[in-house]
Number of protein chains: 2
Amino acid sequence: MENQTQNAFRALADPTRRGIVQLLAVQDMTIGQLTDRFDMTRAAVKKHLTVLSDGGLISVEVRGRERINRLEPLGMAPVLDWLSYFDQFWDDRLNSLKEAVEREEK
Amino acid sequence: MENQTQNAFRALADPTRRGIVQLLAVQDMTIGQLTDRFDMTRAAVKKHLTVLSDGGLISVEVRGRERINRLEPLGMAPVLDWLSYFDQFWDDRLNSLKEAVEREEK
DNA sequence: TTAATGTGATACCTAATGGTATCTCATTTG
DNA sequence: CAAATGAGATACCATTAGGTATCACATTAA
């Protein structure tokens, strides 16, 4: 897929997919192992894995008849980059808020 | 809306909405001004603003017949929090990658 | 080599999403 | 006051998304 920023944000927009990301952060897992953790069919989990793969967030290693899914740290980069664009903005605004609250408290 | 993490991630999952966020980071804007910047109707932009509002990313100030939309820095917090959970993971994995590449280069 | 296991692929369904067209309402302005 | 402006609400439409059921295929185990 071509737009990595869009695909990565889209991949993170679903709660099941964020859950998968959290599980894979602990350890690599097959689709079977992942399916055990969610209340849905293997086919549904497979679709989520495809979206995560399109977003560059996971990769798959074929091992015999098993497929080991693993987190790909580089895939998160476009998301972190996009968000970092606002760092200064958030900081400034949050500091303004904080100062305003402190003035209130006097 | 109740699940802020989900609503915020969902709000950021659409390219138009991320564009709106970027515009509002520069300056507050009315829906009319925003609509001028996108190739869609005011009604469509309004829907995006509703999603952004549900995500806690913007707030609206009524001024006469105008509505001023402004970015809400606090709304991004759930997203940044969720992502920060992986900071260590990304760092470790990216360092492993970097070291591997450096070993290759010798 | 037959059976069991792990997985992928496809067809299908429903609900959500992103968009338009249109109508209404409140606030300015001439 | 009348007209123009800025905006919200709703009905409607096509496409996408998330899910299931089912079938097919490769690999491992008996």
Please report the closest heavy-atom contact between B:I68 and B:D28, naming both atoms and the distance. CG2-CB, 3.6 Å
Approximate separation, where rounding is to 0.5 Å, of B:L24 CG and B:E72 CD: 11.0 Å
Atom CG of B:N69 and atom P of D:dG6: how far apart are they, to the nearest Å? 15 Å
Gap between atoms CE and P, on A:M40 and D:dG18 respectively (whole Å): 10 Å
List the steps and the verdict of side chain to side chain contact (heavy atoms under 4.5 Å, CB included) for A:T35 and A:I31. CA-CA 6 Å; A:T35 302; A:I31 189 176; 4.1 Å; yes
Between P on D:dA17 and CG on A:D54, what's the gap in Å once rounded to a whole number? 10 Å
Given DNA chain D, 5'-ward residue of the pair A:D39 and A:R42, judged by closest heavy atom: A:D39
B:A13 and A:Q6 have their tightest heavy-atom pair at O-NE2, 2.9 Å
Across the strands shown, which category fits A:R10 at heavy-atom distances under 4.0 angstrom: base, sugar-phosphate, nothing? sugar-phosphate
All N/O donor-acceptor pairs, side-chain side in residues 77-85 of chain B, below 3.5 Å, sequence neighbours left out:
| residue | atom | partner | partner atom | Å |
| --- | --- | --- | --- | --- |
| B:S84 | OG | B:D81 | O | 2.7 |

Rounding to an integer number of Å, can you tell me how far B:H48 NE2 sits from C:dT20 C1'? 12 Å
Check A:L57 against A:M76 and note the closest heavy-atom contact, atom names and distance. CD2-N, 3.6 Å
Where at least one partner belongs to residues 57-66 of chain A, residue pairs that pass salt bridge (charged side-chain N to carboxylate O under 4.0 Å, His left out), sequence neighbours excluded: A:E61-A:R63, A:E61-A:R70
Protein-nucleotide distance (A:K46, atom NZ; D:dC23, atom C1'), rounded to Å: 16 Å
Identify all pairs in which a protein N or O lies below 3.5 Å from an N or O of nucleotides 10-14 of chain C, and state each distance.
none

In whole angstrom, give the distance that lies between atom CZ of A:R63 and atom C1' of D:dT28. 15 Å
For A:G75 and A:A8, which heavy atoms make the closest approach, and how far apart are they? O-CB, 4.0 Å
Would you mind writing out the side-chain donor-acceptor pairs for residues 36-50 of chain B within the sub-3.5 Å range, not counting sequence neighbours?
| residue | atom | partner | partner atom | Å |
| --- | --- | --- | --- | --- |
| B:T41 | OG1 | B:A44 | N | 3.3 |
| B:H48 | ND1 | B:R17 | NH1 | 3.1 |
| B:T50 | OG1 | B:K46 | O | 3.1 |

Does OP1 or OP2 of D:dT20 have a side-chain N or O of A:T41 closer than 4.0 Å? yes
Output the distance between atom CG (A:L52) and atom CG (A:N7), rounded to the nearest 0.5 Å. 11.0 Å
Might you point out which heavy atoms bring A:T16 and A:D14 nearest each other, and give the distance in Å? N-OD1, 2.8 Å
Figure out the CD/P separation between A:E66 and C:dT7, and round it to whole Å. 6 Å
Could you write out each protein N or O paired with an N or O of nucleotides 25-27 of chain D at a distance under 3.5 Å?
| residue | atom | partner | partner atom | Å |
| --- | --- | --- | --- | --- |
| D:dT27 | O2 | A:R65 | NH1 | 3.2 |

B:I31 CD1 - D:dT5 P separation (whole Å): 18 Å
Can you list, by residue number, the residues of residues 11-19 of chain B that have a non-hydrogen atom closer than 4.0 angstrom to DNA chain D? none
